[in-house]
Amino acid sequence: MKQFKSVIDFQKHFDTDEKCRQHLEQSRWGNTPTCPYCKSTNVNRFPNGKKFSCRGCRKNFSVTVGTIYENSKIPLNKWYLGTYILTNHSKGISSLQLASWLGITQKSAWFLNHRIREMLKETQPELLSNEVEADETLWGGKAANKHKAKWELDKQKPLEGKTPILGMVERGGKVVTKVVDNISKEGIKDFIHHNVVKGSTLHTDELKAYKRLAKDYVHKTVNHSEGEYVKDGSHTNTIEGFWSLLKRQIHGIHHSVSPQHLQRYSDESAYRYNLRKVPQDQRFEDAIKRCEGRLKYDQLTKK
Ligand SMILES: [Zn+2]
């Protein structure tokens, strides 16, 4: 794998659409081009080098079919640079800044940014285990909401325009987040059951919803409303650290984020957090490997 010393170094290496295309072919297929429609490897490269014809299903395709780059008018070298920046810049990048760096419109940059975020989403997250901290936070609104004792469970829109995010982190490991409409006992229970190995130690605050998990997990709590932050090694400082990172990243770069896009921003921050021990170039390569699947503009903008 090529090591890049700087963004300039990266840009020099991936300076044309063609070079990125070759890299993408290697990343997706290795040395065996594969039809995205029928998965046949019995394919022929066209003389122009870009396209293939499939002897299995008789369709033509290029390496971008079935990826986030399909039908994009933006050349691959701009996608690549955007991906490199988003996966490696500690706070990500605004669409305004990205537009000026890539020489594209802000609207295109906004779309590109969101498609890359979608690509960074963990589709099959590994289960968390050992020592896991779970917590909730609220996005939007003005109040700090440090204490949640007054939160009302299972009410629709209980939180006056705020969007709740559930999250958990394995100490020393990965974080998982989920943007939800409201904080419900069932929602919390499902989220934890889906993401944490039974028998793990679960650290939470005193929110009642977590108490129902005691039969599957070793459940330890700290009582924040009584000013308790660490009790017998139990704390939720790691997940709270992630919340403040997420909020700093979003506030530092983007002026406002609507609830419908919040999960994608959270996935972007989680991606960088989860690959924090990995070198920059590897983070980029890993991101490119996730390019399968498309997110269309109308999906992004629908209310
Ligand atoms: Zn085919």
Side-chain angles (χ1 to χ4, degrees), residues 87-92 117 120-122 124-140 144-149 151 162-180 183 187-214 216-253 262-279 283 286:
T87 51
N88 288 306
H89 191 274
S90 63
K91 289 182 180 163
R117 284 184 191 109
L120 302 182
K121 177 171 76 185
E122 204 62 72
Q124 288 175 308
E126 290 161 41
L127 290 177
L128 308 183
S129 60
N130 301 313
E131 303 282 324
V132 178
E133 299 174 21
D135 192 29
E136 339 73 48
T137 192
L138 292 178
W139 179 261
N145 266 292
K146 188 146 179 115
H147 301 293
K148 302 146 202 158
W151 290 17
K162 292 173 191 294
T163 308
I165 314 179
L166 307 179
M168 57 196 146
V169 63
E170 178 179 324
R171 288 185 188 162
K174 294 191 173 182
V175 69
V176 182
T177 68
K178 187 178 185 190
V179 174
V180 291
I183 303 213
I188 286 181
K189 200 176 100 194
D190 285 353
F191 180 56
I192 290 176
H193 277 148
H194 276 124
N195 289 287
V196 187
V197 174
K198 282 190 183 169
S200 305
T201 303
L202 192 65
H203 302 265
T204 73
D205 62 20
E206 71 286 7
L207 192 74
K208 279 201 189 79
Y210 294 115
K211 297 203 169 115
R212 317 163 105 216
L213 293 154
D216 296 320
Y217 301 97
V218 179
H219 186 208
K220 296 188 175 179
T221 56
V222 282
N223 194 341
H224 287 171
S225 60
E226 290 184 7
E228 226 173 66
Y229 286 90
V230 182
K231 188 175 82 182
D232 306 331
S234 184
H235 64 81
T236 52
N237 296 347
T238 323
I239 185 67
E240 284 169 38
F242 178 77
W243 294 142
S244 55
L245 185 82
L246 174 68
K247 289 176 184 180
R248 274 203 311 277
Q249 292 189 347
I250 301 182
H251 285 310
I253 300 282
L262 188 56
Q263 182 70 57
R264 252 179 256 108
Y265 288 92
S266 183
D267 289 338
E268 177 196 331
S269 292
Y271 181 83
R272 284 192 297 263
Y273 183 88
N274 291 343
L275 276 80
R276 65 197 179 280
K277 295 171 188 162
V278 166
R283 264 203 302 266
D286 176 90

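Throughout, residue positions are numbered sequentially from 1 according to the sequence presented. Please read all numbers here as calculations on a predicted model, not as lab measurements.
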Under the 3.5 angstrom rule, does the side chain of [X] hit a backbone N or O of [Y] as a donor-acceptor pair?
X      : Y      : result
Gln263 : Val179 : yes
Glu133 : Asn237 : yes
Arg283 : Val278 : yes

- Message: Let's go through Lys247 and Trp139 carefully: what are the C-alpha distance in whole Å and the side-chain angles of both, what is the deciding distance for side chain to side chain contact (heavy atoms under 4.5 Å, CB included) to 0.1 Å, and is it a yes or a no?
- Response: CA-CA 8 Å; Lys247 289 176 184 180; Trp139 179 261; 3.7 Å; yes
message: I'd like to know whether Trp243 forms a side chain to side chain contact (heavy atoms under 4.5 Å, CB included) with Thr177, so could you lay out the CA-CA distance, the side-chain angles of the two residues, the decisive distance to 0.1 Å, and finally the verdict.
response: CA-CA 10 Å; Trp243 294 142; Thr177 68; 4.1 Å; yes
Are there more than 12 heavy atoms of other residues, nucleotides or ligands under 6.0 Å from atom NE2 of His193?
yes
With rounding to the nearest 0.5 angstrom, report the [atom1] to [atom2] distance, [X] to [Y].
X      : Y      : atom1 : atom2 : value
Lys211 : Ile188 : NZ    : CD1   : 12.0 Å
Ile192 : Leu213 : CD1   : CG    : 5.0 Å
Glu122 : Tyr271 : CD    : OH    : 8.5 Å
Asp205 : Tyr210 : CG    : OH    : 6.0 Å
Thr221 : Glu206 : OG1   : CD    : 7.5 Å

Looking only at heavy atoms, what is the nearest atom pair of [X] and [Y], with distance?
X      : Y      : answer
Ser244 : Gly241 : OG-O, 3.1 Å
Ala270 : Val175 : CB-CG1, 3.7 Å
Ser129 : Ser200 : CA-OG, 3.4 Å
Lys174 : Glu126 : NZ-OE2, 3.3 Å
Thr236 : Ala134 : CG2-O, 4.0 Å

Sorted by chain and residue number, the salt bridge (charged side-chain N to carboxylate O under 4.0 Å, His left out) partners of Lys189 (sequence neighbours excluded) come out as Glu186
Paired with Glu136, the side-chain contact (heavy atoms from CB on, under 4.5 Å) test is passed by just one of Ile165, Ile239, Leu166, Thr204, namely Leu166
The side-chain contact (heavy atoms from CB on, under 4.5 Å) partners of Gln249 (sequence neighbours excluded) come to Lys91, Leu245, Ser269, Arg272
By side-chain contact (heavy atoms from CB on, under 4.5 Å), Asn195 pairs with (sequence neighbours left out) Pro125, Met168, Val176, Phe191
Paired with Ser234, the side chain to side chain donor-acceptor pair (under 3.5 Å) test is passed by just one of His219, Lys220, His203, namely His203
Quick one: are Asp135 and Phe242 in side-chain contact, heavy atoms under 4.5 Å?
no
Using a 4.5 Å cut-off on heavy atoms from C-beta on, say whether the side chain of Leu138 contacts that of Pro164.
yes
Check the pair Val132, Tyr217 against side chain to side chain contact (heavy atoms under 4.5 Å, CB included), reporting the backbone distance first and the verdict last.
CA-CA 10 Å; Val132 178; Tyr217 301 97; over 6 Å; no
> side chain to side chain contact (heavy atoms under 4.5 Å, CB included) between Lys198 and Asp216: does it pass, once the steps are laid out?
Replying inline: CA-CA 6 Å; Lys198 282 190 183 169; Asp216 296 320; 3.9 Å; yes
